[in-house]
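Letters A, B, ... mirror the listed sequences (proteins, then strands); counts begin at 1.
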Amino acid sequence: MSQPTNETSPASPPPARRDFIREMVAEDVASDRFGRQIATRFPPEPNGFAHIGHAKSICLNFGIKEEFNGRCNLRFDDTNPFTEDIKYVEAFKQDVEWLGFEWDAELYASDYFETLYDFGELLVTNGKAYVDSQSDEEIREGRGTVTSAGTESPYRNRSVEENLDLLRRMRAGEFPDGAHVLRAKIDMAHPNMVMRDPLLLRIRHAHHYRQGDAWCLYPLYDFAHPLSDAIEGITHSLCTLEFKDNNDIYRWLVHSCGFQRPPEQTEFARLELDYTVLSKRKLLRLVNEKFVSGWDDPRMPTIAGMRRRGVTPEALRAFCETIGVARKPARTELATFEHAVRNDLNMRVPRVMCVTKPLKVVIENYPEGRVEELDASYYPHDVPLTGSRKVPFSRELYIERDDFMENPSKKFYRLAPNREVRLRYGYFITCTGIVKDSSGEISELRCTYDPATRGGDSPDGRKVQGTIHWVSAAQAIDCDLNLYDKLFTIPDPDAVEEGQDFLSVVNPESLVVIERAKVEPSAGGDPIGSRYQFERTGYFVSDPVSQSGRLTFNRTVTLRDSWAKIKEK
RNA sequence: UGCCCCCUCGUCCAAUGGCAGGACAUCGGACUUUGGAUCCGAGAAUGGUGGUUCGAAUCCACCGGGGGCAACCA
């Protein structure tokens with residue numbers, strides 16, 4: 001495992017991770033259960049942005065396509081004209097592509113409205129559906145409760161002719177919203193609530209973002225989804241646990257509509273991630289109520305947000321791989337996600353020096369006006385990439401304020417009075433004096449350097465405990481840093497106390513802006529979107545948006561910080 | 001309270017009647033021009049009780065716990 005990644009790997013790839021769904025698909029392939037190519041679909045409703053929970057589903061559905069030589073459709077389940085928008089369609093497409101997947105077809109449930117309507121007529125003709133003319137309250141009351149049976153609608157036994165006539169007039173737009181609905185005729189006493197004559201079509205004189213005003217009849221999920229799958233020849237319809245009960249109507253419908261070897265629905269647990277929320281309703285509130293700057297705010301668990309935060313698609317896919325797929329509802333620790341991000345970034349991004357809280361250092365024995373260009377590798381010894389840049393060194397430098405302690409504790413390895421440390425890629429320096437301002441705060445350090453330690457090695461073999469990062473004062477570039485942290489203060493924001501709102505546990509320090517940090521000049525010429533590791537600080541990406549006109553970097557994730565743990569003790 | 005699903009290290013996932021294993025996290029050590037990375041090591045789990053079986057995390061029963069379902073949302 002310690003082999004560099006750029007070496008050729010052994011012929012056989014590691015066996016793909018197996019979960020209960022892939023096991024099932026493998027069996028179905030072996031038995032040719034469906035008599036056709038394995039087919040999955042990713043079926044978002046375009047009413048918000050894709051988030052990391054969608055990423056899990058995307059990786060599953062497209063992963064199965066790739067592993068079993070199948071196909072996978074991107075289908076928008078756009079059956080609700082009130083909530084959907086083309087901008088969400090575009091965002092989903094961009095995010096799936098960014099993750100590195102290709103769909104075999106881009107499809108829309110709303111394109112099936114005609115076909116779906118025809119199935120409605122078919123069901124009516126076969127006596128399996130009827131037009132109900134109760135009000136929505138009457139329908140709700142008639143459904144009964146989880147412990148008591150429902151009651152049949154007085155319209156339940158209309159003749160096929162009457163049903164057909166009504167249905168056609170519903171479609172023709174003769175009735176106002178809510179006047180009638182088409183319902184499946186199943187069992188009003190069914191122990192599964194979903195099977196108590198589920199609604200199939202409803203009247204909505206509404207404008208659809210894609211179909212315009214062509215329809216006033218809109219199918220409901222339980223009607224549209226199974227049939228859309230069946231129409232497309234899907235074999236494995238994968239969805240999350242909360243649709244478990246809907247599986248009964250799914251099977252009833254595809255059989256009632258005459259599909260041979262219809263798709264089979266299988267449910268898996270949706271992703272829950274500590275310190276965040278993943279329901280679109282709640283994400284929408286964060287956006288609308290301005291807790292974040294938008295769907296792509298780097299604090300958002302959306303794919304767009306993570307992209308802007310600097311997360312790579314590879315890291316996101318690796319994360320989805322490690323969390324696995326199972327039927328048990330489970331929360332994943334943030335550390336698991338952060339590990340996936342660091343693990344990926346560590347191997348691919350250049351190291352650069354940036355001082356976040358500058359403290360001026362004057363090297364008293366370094367000639368005034370002199371500037372040296374020191375060689376600095378972009379990558380550490382254990383990352384198999386090469387490349388380097390020059391960093392200027394001069395008499396006046398900045399170091400990190402936290403890298404100096406006037407009265408150091410025992411385990412503090414960094415700079416202190418009369419102590420020697422290494423400047424990364426530079427020289428050994430020793431602190432010889434402290435300058436304080438009128439308020440008693442340290443404003444400047446006086447140091448000496450050892451000219452024999454250029455590059456960071458001492459010819460006499462003496463060691464220093466610490467190595468710190470720095471920039472040359474005159475050449476450093478001012479920049480702003482967006483330091484992002486968890487969006488919520490508690491691991492499960494959905495579980496706030498009674499009467500409390502998840503918005504009450506938004507972390508007020510989820511974004512801390514540092515103005516006028518000092519980054520080494522080499523970063524000035526890089527394109528927006530470049531990722532770095534700021535040595536000893538964290539991974540950052542340059543952001544297209546700058547309030548100040550200065551270069552702005554978003555912190556993707558901090559480095560693991562074992563010093564922080566020592567400090568706590 | 002009806003139906004359905006689920007319960008394995010702190011967390012996530014394996015083990016498909018036959019040695020409970022991996023990853024993250026934690027702790028310790030080595031190495032180190034990032035208190036990063038890497039390497040080595042340690043601790044850490046089958047909810048409970050019965051039953052079937054030569055043998056049970058796995059099958060059965062009961063108990064306990066968690067979750068989903070009563071939108072003209074998806």
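Taking the six-membered ring for Trp and the full ring otherwise, A/Phe76 and A/Tyr108 have centroids separated by under 6.0 Å. Outside the 6.0 Å centre-distance limit, the rings of A/Tyr413 and A/Trp563 are not counted as a close aromatic pair. With ring centers used as reference points, A/Phe243 lies under 6.0 Å from A/Tyr221.
Regarding A/Leu385, its CG atom lies at a distance of 13 Å from the C1' atom of B/A37, rounded to whole Å. Between A/Arg196 atom CZ and B/C4 atom C1' there is a gap of 13 Å when expressed in whole angstrom units.
Judged by Watson-Crick or G-U wobble contacts below 3.5 Å, the nucleotide B/C24 has B/G10 as its partner. Taking a pair to require two hydrogen-bonding distances under 3.5 Å in either a Watson-Crick or a G-U wobble arrangement, B/G47 pairs with B/C63. Remark: B/C3 base-pairs with B/G68. Criterion, Watson-Crick or G-U wobble with two distances under 3.5 Å.
B/U8 and B/A45: their P atoms are spaced 14 Å apart (whole Å). Taking the C1' atoms as reference points, B/C7 lies 14 Å from B/C63, given to the whole Å. Using atom C1' as the reference point in both B/A25 and B/A44, the two lie 11 Å apart (nearest Å). Taking atom C1' in both B/G17 and B/C3, one finds a spacing of 31 Å when rounded to whole Å. For the C1' atoms, the distance from B/C60 to B/C12 is 29 Å, rounded to whole Å. Separating the P atom of B/C24 from that of B/C73 is a span of 46 Å, rounded to the nearest Å.
Contact of the A/His469 side chain with the A/Thr537 side chain is registered, since non-hydrogen atoms from C-beta on lie closer than 4.5 Å.
Counting non-hydrogen atoms under 4.0 angstrom, A/Lys411 reaches a base of the nucleic acid. A/Glu338 comes within contact range of no nucleotide atom at all, as no heavy-atom separation falls under 4.0 Å. Counting any heavy atom pair closer than 4.0 Å across all strands shown, A/Phe268 reaches no nucleic acid atom. Within the nucleic acid shown, A/Arg424 comes within 4.0 Å of at least one base atom, counting heavy atoms only. If you check every strand for non-hydrogen atoms under 4.0 Å, A/His381 touches a base.
Comparing A/His339 and A/Gln533 against RNA chain B, the residue whose closest nucleotide sits nearer the 5' end is A/His339. Summary of the strand contacts: A/Thr336 and A/Phe534 both lie near RNA chain B, and taking for each the nucleotide with the nearest heavy atom, the more 5' one is attributed to A/Thr336.
Under a 4.0 Å N-O distance rule, the pair A/Lys390/A/Asp375 qualifies as a salt bridge. The pair A/Glu420-A/Arg462 counts as a salt bridge, with a side-chain nitrogen and a carboxylate oxygen less than 4.0 angstrom apart. For A/Lys244 and A/Glu267, the salt-bridge test passes: some basic side-chain N is under 4.0 Å from an acidic carboxylate O. Here A/Glu400 does not pair with A/Arg414 in a salt bridge; the nearest charged N to carboxylate O distance is not below 4.0 Å.
At a cut-off of 3.5 angstrom, counting only N and O atoms as typed in the model, there is a donor on one side and an acceptor on the other between the side-chain of A/Arg414 and the base of B/G35. Residue A/Glu333 places a side-chain atom within donor-acceptor reach of the base of B/G10, judged by atom type and a 3.5 Å distance cut-off alone.
Between A/Arg560 and B/U26, a side-chain N or O to OP1/OP2 separation shorter than 4.0 Å is present. Close to B/U32, at under 4.0 Å from its OP1 or OP2, lies no side-chain N or O of A/Lys463. Checking the phosphate oxygens (OP1, OP2) of B/C24, no side-chain nitrogen or oxygen of A/Thr332 falls inside 4.0 Å. Put simply, A/Arg351 has no side-chain N or O that comes within less than 4.0 Å of OP1 or OP2 on B/G36.
Of the N and O atoms on the side chains of A/Asp197 and A/Tyr130, at least one donor lies less than 3.5 Å from an acceptor on the other residue.
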- Message: Strictly under 4.0 angstrom, non-hydrogen atoms only: write out the protein contact profile of nucleotides 67-74 of chain B, one letter per nucleotide from the 5' end, B, S or -.
- Response: -BBBSBSB

